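Here's the structure we're looking at; comments come further down.
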There are 2 protein chains.
Amino acid sequence: MARPPRFDISDLLDAAVRLAAEHGPPGVTMSAVAAAAGAPSGSLYHRFAGRSALLAEVWLRTVERFQEGYFAALESSPDPRAAGRAAARHVVAWTRAHPLEAGLLLYGAQDFGREDWAPEHRRRADEGNRRVGAATAKLADALGARDAQEAERVTLAVIDVPLSVVRRPLRAGTPLPAHAEELAERCTDALLSLRGDGASAT
Amino acid sequence: MARPPRFDISDLLDAAVRLAAEHGPPGVTMSAVAAAAGAPSGSLYHRFAGRSALLAEVWLRTVERFQEGYFAALESSPDPRAAGRAAARHVVAWTRAHPLEAGLLLYGAQDFGREDWAPEHRRRADEGNRRVGAATAKLADALGARDAQEAERVTLAVIDVPLSVVRRPLRAGTPLPAHAEELAERCTDALLSLRGDGASAT
DNA sequence: GGGCTTCTAGAGAGTTCTCTCTAATATTAT
DNA sequence: ATAATATTAGAGAGAACTCTCTAGAAGCCC
């Protein structure tokens with residue numbers, strides 16, 4: 001029925017990921033993506049409504065790919081501590097397997113022009129955030145968190161700490177150290193084991 | 001001997017900080033800064049060699065202002081655990097006192113165009129990194145860290161974890177919760193108290 | 001006040017990027 | 001074959017931005 005595409009969406013998004021990892025979101029210009037993929041600019045505009053749409057798709061595809069395994073890890077065990085450790089390992093392992101895409105996780109949706117996104121893209125982003133919030137809230141509950149501060153510590157433990165472990169190497173472009181998974185797991189576990197009364201300090 | 005300036009360097013950098021906090025580094029264009037400060041573009045180019053120079057200065061001034069108090073906190077006590085806790089509190093307190101400038105700390109020098117910087121600006125950035133590295137290495141040593149992983153955990157504890165505590169509110173533009181200092185301090189302390197044998201896991 | 005210097009002021013050239021538009025091309029269904 | 005259609009291909013208009021350049025204004029020192 002029609003001519004087959006020489007550059008499909010995923011080719012173009014792959015090129016955009018490379019550019020974003022190397023030069024940050026501002027490096028993802030339509031002309032740069034076209035050049036990187038070897039495609040004419042017309043093909044880009046045939047696939048994406050405009051630059052905001054491309055930025056939204058590259059960001060959302062990356063986050064959703066990451067979250068897929070992340071949620072699986074968070075639900076991999078009935079023991080919340082074990083689940084948290086698995087989640088921490090997942091963040092590091094996924095970064096090891098997908099270093100370019102992981103580079104994007106260090107940015108926020110705002111850096112990908114969230115304010116210019118179409119409603120549908122915003123909705124997808126909100127949905128992802130909602131799922132993350134729900135998952136960490138459930139974990140916090142299972143761990144017996146009693147107030148906002150304790151819930152926030154759970155979020156810190158299972159999301160922010162693992163991301164911090166990979167941040168420096170990703171920024172510097174150096175490979176992750178061999179023990180990164182172990183480091184993330186143990187730090188996450190340490191925060192999950194804290195309790196509200198502050199009794200753990202020496 | 002000469003006409004007094006109507007827009008001095010610090011006025012212009014203040015405007016640049018506002019723009020960077022609101023729209024990220026890409027929002028810091030010469031015309032936007034000029035408009036925000038109410039100055040003509042000529043005045044901007046009179047103070048800064050070009051956009052890269054402006055970006056470098058706004059980044060370096062912010063980081064150096066932050067580090068001033070940060071180093072003081074890190075050396076505020078002979079007890080390394082107490083010093084680490086003070087550093088964690090400092091990050092949160094400084095963010096509370098300077099929310100706009102703190103927003104810039106979530107970015108890296110790369111996002112401010114480091115590759116286009118003049119040698120002198122790079123040197124200043126390297127010097128800051130060097131001091132941070134030296135300070136955390138000293139702390140790790142005082143805590144008895146025996147390998148790279150333990151040293152890395154110290155860095156995570158006194159730098160990345162406190163930054164993670166302020167990251168989400170800064171990105172969302174919401175105020176820090178009242179207990180943020182306490183949260184950061186306790187999480188930092190928990191990581192500093194970990195030891196290499198992994199015996200703390202249940 | 002005259003001369004010197006620093007700064008403001010803004011017009012405008014040149015560049016880069018986004019996005020549109022038209023024409024050509026390749027493939028499938030009939 | 002032929003028609004129908006998705007796609008490539010790239011020229012070019014328009015916008016945004018950086019940076020240069022010239023003219024004049026404002027203070028200080030003699």
Side-chain angles (χ1 to χ4, degrees), chain A residues 1-59 110-118 120-121, chain B residues 1-59 110-118 120-121:
Chain A
M1 181 165 154
R3 173 180 184 170
R6 243 162 54 85
F7 311 98
D8 64 9
I9 290 191
S10 115
D11 292 334
L12 300 174
L13 291 183
D14 290 346
V17 165
R18 282 199 302 279
L19 288 166
E22 200 164 349
H23 302 108
V28 186
T29 67
M30 296 303 259
S31 24
V33 174
S41 72
S43 295
L44 271 177
Y45 286 96
H46 182 71
R47 305 282 177 187
F48 304 100
R51 181 170 184 252
S52 335
L54 171 75
L55 285 175
E57 302 253 17
V58 81
W59 165 254
Q110 238 198 29
D111 300 312
F112 283 83
R114 189 188 209 281
E115 52 223 66
D116 303 323
W117 288 3
E120 167 60 16
H121 287 142
Chain B
M1 180 166 159
R3 175 181 181 171
R6 241 162 57 86
F7 311 98
D8 65 10
I9 290 192
S10 113
D11 292 334
L12 299 174
L13 290 183
D14 289 346
V17 165
R18 282 199 302 278
L19 288 166
E22 198 164 349
H23 301 109
V28 186
T29 67
M30 296 303 262
S31 23
V33 174
S41 73
S43 295
L44 270 179
Y45 285 96
H46 182 72
R47 304 282 176 190
F48 304 101
R51 181 171 184 253
S52 335
L54 171 72
L55 285 175
E57 302 252 18
V58 79
W59 165 254
Q110 239 198 29
D111 300 311
F112 283 84
R114 189 189 208 281
E115 51 223 66
D116 303 323
W117 288 3
E120 167 60 15
H121 286 142

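Note on naming: letters A, B, ... go to the chains in the order of the sequence lines (proteins, then strands), and numbering restarts at 1 for each one. The structure displayed is predicted, hence computed values, not measured ones.
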Rounding to 0.5 Å, atoms CD (B:Glu57) and NE2 (B:His121) come to a distance of 3.5 Å

dist A:Ser52:OG -> A:Arg114:CZ (nearest 0.5 Å) comes out at 13.0 Å

Please tabulate the protein-to-nucleotide N/O contacts below 3.5 Å involving nucleotides 17-23 of chain D, giving atom names and distances.
| from | atom 1 | to | atom 2 | distance (Å) |
| --- | --- | --- | --- | --- |
| D:dT18 | OP1 | B:Met30 | N | 3.2 |
| D:dT18 | OP1 | B:Arg51 | NE | 3.3 |
| D:dT18 | OP2 | B:Met30 | N | 2.9 |
| D:dT18 | OP2 | B:Ser31 | N | 3.3 |
| D:dT18 | OP2 | B:Ser31 | OG | 3.3 |
| D:dC19 | OP2 | B:Tyr45 | OH | 3.4 |
| D:dC19 | OP2 | B:Arg51 | N | 2.9 |

When rounded to the nearest 0.5 Å, the distance separating CG of B:Leu54 from CG of B:Leu12 is 8.0 Å

To the nearest angstrom, the CG-C1' distance between A:Leu55 and C:dC19 comes to 15 Å

Rounded to whole Å, NE2 of A:His46 lies from C1' of C:dA24 at a distance of 15 Å

- Query: Distance check: side-chain N/O of B:Arg47 vs OP1/OP2 of C:dC7, anything under 4.0 Å?
  - Reply: yes

Between CG of A:Asp116 and P of D:dA15 the distance, given in whole Å, is 18 Å

Between CG of B:Leu12 and P of C:dC7 the distance, given in whole Å, is 12 Å

Rounded to the nearest 0.5 Å, the CD1 atom of A:Ile9 sits from the CG atom of A:Asp14 at a distance of 11.5 Å

Per atom distances to the B:Arg6 side chain, the nearest of C:dA9, D:dT8, C:dT6 is C:dA9

CG (B:Asp116) and CG (B:Leu55) are apart, to the nearest 0.5 Å, by 9.0 Å

Please state whether the phosphate of C:dA24, meaning OP1 or OP2, lies under 4.0 angstrom from any side-chain nitrogen or oxygen of A:Arg3. no

Rounded to whole Å, the CZ-P distance (A:Phe48 to C:dT18) equals 13 Å

A:Asp8 atom CG is separated from D:dT7 atom P, nearest whole Å, by 10 Å

Rounding to 0.5 Å, atoms CG (B:Asp111) and NE2 (A:His23) come to a distance of 12.0 Å

To the nearest angstrom, the CG-C1' distance between A:Leu19 and C:dC17 comes to 14 Å

Pairs of donor and acceptor atoms involving the side chains of residues 38-48 of chain A, under 3.5 Å and at least two apart or interchain, shall be tabulated with distances.
| from | atom 1 | to | atom 2 | distance (Å) |
| --- | --- | --- | --- | --- |
| A:Arg47 | NE | A:Phe7 | O | 3.2 |
| A:Arg47 | NH2 | A:Phe7 | O | 3.0 |

Separation of D:dA6 atom C1' from A:Phe7 atom CZ, nearest Å, is 15 Å

